Enquirer: 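Handing you this structure, nothing more for now.
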Amino acid sequence: MNRILYTIFPPCESCKANTIIKSRMFSKDESGISIKASGILEKVDNPENISTEVLKELYEQTFDIKNKLEDKAKSNIIGITISVSLIVGSIKLISFLPAGIGRVSIAVLLVIGVSYMILSGWLAIYMLIEENETYIIKITSLGEGETVLREDYSQCIEQNQSKNLIRNNYLFASYACIRNSLISLFIMFLIIIVSKC
């Protein structure tokens, strides 16, 4: 049942997954006090074998991934803007159909298609605005020695990776909305073709 809901309304799955990720990022103890964020080194058997240089590279990769996800979201928004303009222009097709169930179903499918496109654009914009936070190493960590610096890198990498996963979930939901829009528009044009034959 959930699978059907997630297919029809993709943001539900993304919101559920993102809530879980955020609860792990900002966990609290029983008294409600925030617990220090875990780092990637805590998930490794032999963290001492990972050099600070490798951590620095992983840290920089998180920003590269963030930039790529944001570029995809921006491209998505441009494509959606063009698509919605074309779809709205196709409203004239409805006037060529005889009145009745066919015309109503075409109108409903057109509204669904445009709604999915708008929702897709909103998800991409929301990702760019609301999920724009990044975690950077503290300047004090650079002067406090290797151990503190490694711990700071470890935590920032973990938090940035979680944020990138959240961004990716919004982007996936945005693409799923485009898919649903295209399906509804394809059905709409099939009905138009069949009714004209």
Side-chain angles (χ1 to χ4, degrees), residues 1-43 58-88 107-137 154-188:
M1 190 66 176
N2 278 350
R3 194 71 252 157
I4 295 167
L5 174 67
Y6 294 156
T7 302
I8 294 170
F9 198 66
C12 285
E13 185 175 19
S14 129
C15 288
K16 184 181 176 184
N18 289 345
T19 302
I20 294 167
I21 295 166
K22 285 179 181 180
S23 69
R24 290 180 188 154
M25 286 176 72
F26 308 107
S27 38
K28 295 183 177 181
D29 64 12
E30 291 149 8
S31 61
I33 298 168
S34 293
I35 301 169
K36 190 171 109 176
S38 65
I40 59 164
L41 290 178
E42 292 174 27
K43 299 175 181 176
L58 288 171
Y59 171 74
E60 288 168 0
Q61 275 179 9
T62 63
F63 291 98
D64 292 339
I65 292 167
K66 173 189 176 284
N67 292 336
K68 286 176 185 173
L69 289 169
E70 287 180 349
D71 287 344
K72 285 181 181 180
K74 289 170 190 171
S75 301
N76 198 358
I77 293 165
I78 293 166
I80 290 163
T81 305
I82 295 165
S83 299
V84 169
S85 302
L86 293 172
I87 293 167
V88 171
V108 168
L109 286 167
L110 186 61
V111 168
I112 290 170
V114 171
S115 299
Y116 272 125
M117 281 290 185
I118 291 169
L119 181 58
S120 175
W122 181 83
L123 286 165
I125 291 168
Y126 184 87
M127 183 207 96
L128 289 169
I129 295 170
E130 296 297 322
E131 299 298 339
N132 199 25
E133 189 177 20
T134 53
Y135 296 86
I136 57 172
I137 59 163
S154 176
Q155 286 178 10
C156 288
I157 292 166
E158 177 76 16
Q159 297 292 78
N160 284 338
Q161 285 176 343
S162 295
K163 271 292 186 182
N164 284 339
L165 194 54
I166 289 168
R167 290 182 189 102
N168 191 62
N169 288 340
Y170 279 117
L171 199 56
F172 174 81
S174 178
Y175 283 125
C177 286
I178 292 173
R179 175 203 62 206
N180 291 355
S181 176
L182 292 174
I183 289 169
S184 63
L185 294 173
F186 178 71
I187 294 168
M188 181 188 87

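All of these numbers come straight from a predicted model, not from anything done at the bench.
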Enquirer: Can a donor-acceptor pair be found, under 3.5 Å and without considering hydrogens, that links the side chain of Asn168 to the backbone of Asn164?
Expert: no
Enquirer: Ignoring hydrogens and geometry, is there a side-chain-to-backbone donor-acceptor pair from Asn160 to Thr134 under 3.5 Å?
Expert: no
Enquirer: What's the verdict on side-chain contact (heavy atoms from CB on, under 4.5 Å) for Ile166 and Lys22, showing C-alpha distance, side-chain angles and the deciding distance?
Expert: CA-CA 8 Å; Ile166 289 168; Lys22 285 179 181 180; 3.7 Å; yes
Enquirer: Check this for me, if you would: do Glu13 and Arg3 make a salt bridge, where the nitrogen-to-carboxylate-oxygen distance has to be below 4.0 angstrom?
Expert: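 Yes.
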Enquirer: Minimum heavy-atom separation for Ile157 and Leu58, please, with both atom names.
Expert: CD1-CB, 3.7 Å
Enquirer: Using only atom types and a distance under 3.5 Å, with no angle test, would you say the side chain of Thr19 pairs donor to acceptor with the backbone of Cys15?
Expert: yes
Enquirer: Provide the closest heavy-atom pair for Leu123 versus Cys177 in the form atom of the first, atom of the second, distance.
Expert: CD1-SG, 4.0 Å
Enquirer: Closest approach of Arg167 and Asn132, non-hydrogen atoms and distance?
Expert: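 Reported closest heavy-atom pair: NH2-C, 3.9 Å.
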Enquirer: So Ile4 and Thr7, do their side chains get closer than 4.5 Å, heavy atoms only?
Expert: no
Enquirer: Taking the side chain from Ser14 and the backbone from Ala173, do they hold a donor-acceptor pair closer than 3.5 Å?
Expert: no
Enquirer: Evaluate the criterion side-chain contact (heavy atoms from CB on, under 4.5 Å) for residue pair Lys163 and Met25; output intermediate values, then yes/no.
Expert: CA-CA 9 Å; Lys163 271 292 186 182; Met25 286 176 72; 3.9 Å; yes
Enquirer: Just do the side-chain contact (heavy atoms from CB on, under 4.5 Å) check on Phe9 and Leu119 with the steps written out, would you?
Expert: CA-CA 10 Å; Phe9 198 66; Leu119 181 58; 3.8 Å; yes
Enquirer: Give, for atom CG of Leu5 and atom NZ of Lys16, the distance between the pair rounded to the nearest 0.5 Å.
Expert: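 One gets 9.5 Å once the value is rounded to the nearest 0.5 Å.
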Enquirer: So does Asp71 get a backbone contact from the side chain of Ser75, meaning a donor-acceptor N/O pair under 3.5 Å?
Expert: yes
Enquirer: Search all heavy atoms of Glu158 against all heavy atoms of Lys43 and return the closest pair with its distance.
Expert: OE2-NZ, 2.6 Å
Enquirer: Can a donor-acceptor pair be found, under 3.5 Å and without considering hydrogens, that links the side chain of Ser120 to the backbone of Tyr175?
Expert: no
Enquirer: Is Glu70 salt-bridged to Lys66, cutoff N-O under 4.0 Å?
Expert: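 So Glu70 pairs with Lys66 through a salt bridge.
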Enquirer: Please report the shortest heavy-atom distance between Leu171 and Asn76, naming the atom on each side.
Expert: CD1-ND2, 4.2 Å
Enquirer: Go through it in stages, so that I can follow the logic: the residues are Tyr116 and Ile8, the test is side-chain contact (heavy atoms from CB on, under 4.5 Å), and I'd like the CA-CA distance, side-chain angles, deciding distance and then a yes or no.
Expert: CA-CA 10 Å; Tyr116 272 125; Ile8 294 170; 3.7 Å; yes
Enquirer: Does Tyr59 reach the main-chain N or O of Ile137 with its side chain, forming a donor-acceptor pair under 3.5 Å?
Expert: yes
